[in-house]
Enquirer: 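Encoded as structure tokens, here's the structure I'll be asking about.
What you are looking at is a predicted structure, and each value in this text was computed from that prediction instead of being measured.
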Amino acid sequence: MNLLDIENDFALLSDWEDRYAYIIDLGKGLPNMSSELKNDKTKVDGCTSQVWLTETQNSSKESLEFVADSDSTIVKGLVAILLLIYNGKSAKEAKEINIEEVFTKLGLEGHLSANRRNGFFSMVKRIKNSI
């Protein structure tokens with residue numbers, strides 16, 4: 001699954017209740033993050049919910065790989081979207097992603113609370129700072 005798949009799926013869903021359910025389902029598909037990785041170092045500041053995000057050890061460093069988790073089902077879905085966007089990209093590709101455009105294209109700006117929006121962009125900042 002990639003960003004285009006999410007955009008296409010969103011286009012098929014007629015209302016935001018269905019889109020929220022879809023986002024939650026994306027979060028349910030995230031692999032479990034080990035409890036050892038859930039610590040103050042990996043905790044994302046600026047999120048109302050608990051969010052942990054870290055880059056995994058990738059020996060080749062040719063592509064980015066992150067793991068993340070949240071205690072909120074909707075935020076966990078937003079985490080899943082971000083991981084779909086950034087995982088597997090080179091640092092150069094990741095830097096070129098216009099995440100504001102993606103956020104708008106998915107219609108998230110009008111349907112997430114200010115706190116969730118801030119949390120989303122705090123996660124993006126964490127990702128970009130690790131590149």
Side-chain angles (χ1 to χ4, degrees):
M1 177 172 272
N2 60 37
L3 180 58
L4 184 58
D5 294 328
I6 293 172
E7 290 172 358
N8 290 335
D9 290 345
F10 263 46
L12 295 173
L13 299 171
S14 59
D15 66 34
W16 268 91
E17 291 303 316
D18 292 337
R19 290 179 183 179
Y20 285 133
Y22 178 77
I23 291 170
I24 289 168
D25 285 344
L26 288 173
K28 289 177 182 175
L30 275 181
N32 289 331
M33 184 178 193
S34 72
S35 57
E36 296 86 40
L37 290 175
K38 294 180 182 178
N39 55 53
D40 289 341
K41 184 179 175 188
T42 63
K43 189 172 178 187
V44 179
D45 294 326
C47 294
T48 303
S49 303
Q50 301 266 356
V51 177
W52 302 271
L53 186 146
T54 190
E55 188 173 8
T56 61
Q57 296 301 323
N58 183 341
S59 58
S60 71
K61 270 308 222 182
E62 292 177 15
S63 64
L64 301 170
E65 293 297 327
F66 297 92
V67 293
D69 199 1
S70 176
D71 63 350
S72 163
T73 56
I74 190 77
V75 174
K76 194 168 184 169
L78 295 173
V79 166
I81 291 171
L82 285 174
L83 295 184
L84 282 169
I85 292 169
Y86 286 101
N87 277 351
K89 302 288 188 298
S90 68
K92 182 181 184 299
E93 291 170 322
K95 287 176 184 175
E96 293 173 354
I97 294 170
N98 183 341
I99 199 68
E100 288 274 354
E101 182 179 293
V102 171
F103 191 81
T104 301
K105 193 170 189 178
L106 291 175
L108 296 173
E109 81 285 342
H111 294 90
L112 291 180
S113 68
N115 286 338
R116 286 209 174 112
R117 183 187 194 292
N118 290 340
F120 181 88
F121 285 101
S122 291
M123 290 184 279
V124 170
K125 182 178 178 182
R126 168 69 66 91
I127 290 170
K128 290 196 175 211
N129 284 343
S130 70
I131 298 174

Enquirer: Using links of under 4.5 Å between side-chain heavy atoms of ILVMFWY residues, direct or through other members, which residues join Trp52 in one cluster?
Expert: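 Besides Trp52, the hydrophobic cluster comprises Met33, Leu37, Val67, listed by chain and residue number.
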Enquirer: What pair of heavy atoms forms the shortest contact from Val51 to Met123, and how long is it?
Expert: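 Taking Val51 first and Met123 second, the nearest heavy atoms are CG1-SD, 3.7 Å.
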Enquirer: Can you list the residues that meet the salt bridge (charged side-chain N to carboxylate O under 4.0 Å, His left out) rule with Lys105, with sequence neighbours excluded?
Expert: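 Here the qualifying residues are Glu7.
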Enquirer: Which residues pass the side-chain contact (heavy atoms from CB on, under 4.5 Å) test with Asn2, sequence neighbours left out?
Expert: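 Here the qualifying residues are Leu4, Asp5.
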Enquirer: Might you confirm whether atom CG of Asn32 has over 12 heavy atoms from other residues, nucleotides or ligands at distances under 6.0 Å?
Expert: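 Result for CG/Asn32: open.
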Enquirer: Which heavy atom of Ile127 sits nearest to which heavy atom of Ser130, and what is that distance?
Expert: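 Closest heavy-atom pair between Ile127 and Ser130: O-OG, 2.7 Å.
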Enquirer: Going by the rule side-chain contact (heavy atoms from CB on, under 4.5 Å), which residues pair with Ser14 if we only count those two or more places apart in sequence or in a different chain?
Expert: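 Ser14 satisfies side-chain contact (heavy atoms from CB on, under 4.5 Å) with Asp18 only.
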Enquirer: Just so I know, are the side chains of Phe66 and Thr56 near enough to count as touching, which here means a heavy-atom distance under 4.5 Å?
Expert: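 The answer is no; the side chains never approach within 4.5 Å.
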Enquirer: For Asn39, enumerate each residue passing the side-chain contact (heavy atoms from CB on, under 4.5 Å) test, keeping only those at least two apart in sequence or located in another chain.
Expert: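 With neighbours one apart ignored, the set is Lys41, Thr42.
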Enquirer: Could you tell me whether the side chain of Leu53 reaches within less than 4.5 Å of the side chain of Lys43, counting heavy atoms only?
Expert: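 The answer is no, as the side chains (C-beta and beyond) never meet within the 4.5 Å cut-off.
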Enquirer: Please table the atom pairs, donor to acceptor, closer than 3.5 Å between any side-chain atom in residues 91-99 and protein atoms at least two apart or in another chain.
Expert:
from: Lys92; atom 1: NZ; to: Glu96; atom 2: OE2; distance (Å): 2.8
from: Glu93; atom 1: OE1; to: Ser90; atom 2: N; distance (Å): 2.7
from: Glu93; atom 1: OE1; to: Ser90; atom 2: OG; distance (Å): 3.4
from: Asn98; atom 1: OD1; to: Glu100; atom 2: N; distance (Å): 3.3
from: Asn98; atom 1: OD1; to: Glu101; atom 2: N; distance (Å): 3.0

Enquirer: Using 0.5 Å steps for rounding, measure from the CG atom of Leu112 to the CG atom of Asn118.
Expert: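 Nearest 0.5 Å value for the CG-CG distance: 10.5 Å.
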Enquirer: Return the CZ to OG distance between Arg117 and Ser122, rounded to the nearest 0.5 Å.
Expert: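 So the gap between those two atoms works out to 10.5 Å.
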Enquirer: Please list all pairs passing the salt bridge (charged side-chain N to carboxylate O under 4.0 Å, His left out) test where one or both residues lie in residues 121-131, with sequence neighbours left out.
Expert: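 For residues 121-131, and leaving out neighbouring residues, there are no salt bridge (charged side-chain N to carboxylate O under 4.0 Å, His left out) pairs at all.
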Enquirer: Between Met1 and Ile6, which heavy-atom pair has the shortest distance, and what is it?
Expert: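 Result for this residue pair: SD-CG1, 4.2 Å.
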Enquirer: For Ser34, does its backbone N or O pair with a side-chain atom of Lys38 as donor and acceptor, under 3.5 Å?
Expert: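 The answer is no, because no donor-acceptor pair under 3.5 Å joins these two groups.
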Enquirer: Starting at CD of Glu17, measure out to NE2 of His111 and round the result to the nearest 0.5 Å.
Expert: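 Nearest 0.5 Å value for the CD-NE2 distance: 9.5 Å.
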Enquirer: Is any side-chain heavy atom of Leu12 closer than 4.5 Å to one of Asn8?
Expert: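 No, too far: nothing below the 4.5 Å cut-off.
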Enquirer: Can you give the donor-acceptor pairs under 3.5 Å from side chains of residues 70-82 to other protein atoms, not counting sequence neighbours?
Expert:
from: Ser70; atom 1: OG; to: Gln50; atom 2: O; distance (Å): 2.9
from: Ser70; atom 1: OG; to: Ser72; atom 2: N; distance (Å): 3.1
from: Asp71; atom 1: OD1; to: Gln50; atom 2: N; distance (Å): 2.9
from: Ser72; atom 1: OG; to: Val75; atom 2: N; distance (Å): 3.4
from: Lys76; atom 1: NZ; to: Asp69; atom 2: OD1; distance (Å): 3.1

Enquirer: Could you list all the ring-ring contact (aromatic ring centres under 6.0 Å, His included) pairs where at least one residue sits in residues 75-96, not counting sequence neighbours?
Expert: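 Sorted result for residues 75-96: empty, none.
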Enquirer: Are any side-chain N or O atoms of Arg19 and backbone N or O atoms of Leu13, one a donor and one an acceptor, separated by less than 3.5 Å?
Expert: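 Looks like yes, one N/O pair under 3.5 Å.
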Enquirer: Counting the benzene-type ring for Trp, do Trp16 and Phe10 have ring centres under 6.0 Å apart?
Expert: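 When the ring centroids of Trp16 and Phe10 are compared, they turn out to be within the sub-6.0 Å range.
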Enquirer: Apply ring pair (Phe, Tyr, Trp, His ring centres under 6.0 Å) to Phe120 and list each qualifying residue two or more places apart in sequence or on a separate chain.
Expert: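 By the ring pair (Phe, Tyr, Trp, His ring centres under 6.0 Å) rule, Phe120 matches Phe103.
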Enquirer: Mind checking what makes side chain to side chain donor-acceptor pair (under 3.5 Å) contact with Asp25, not counting sequence neighbours?
Expert: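 Expected list: none.
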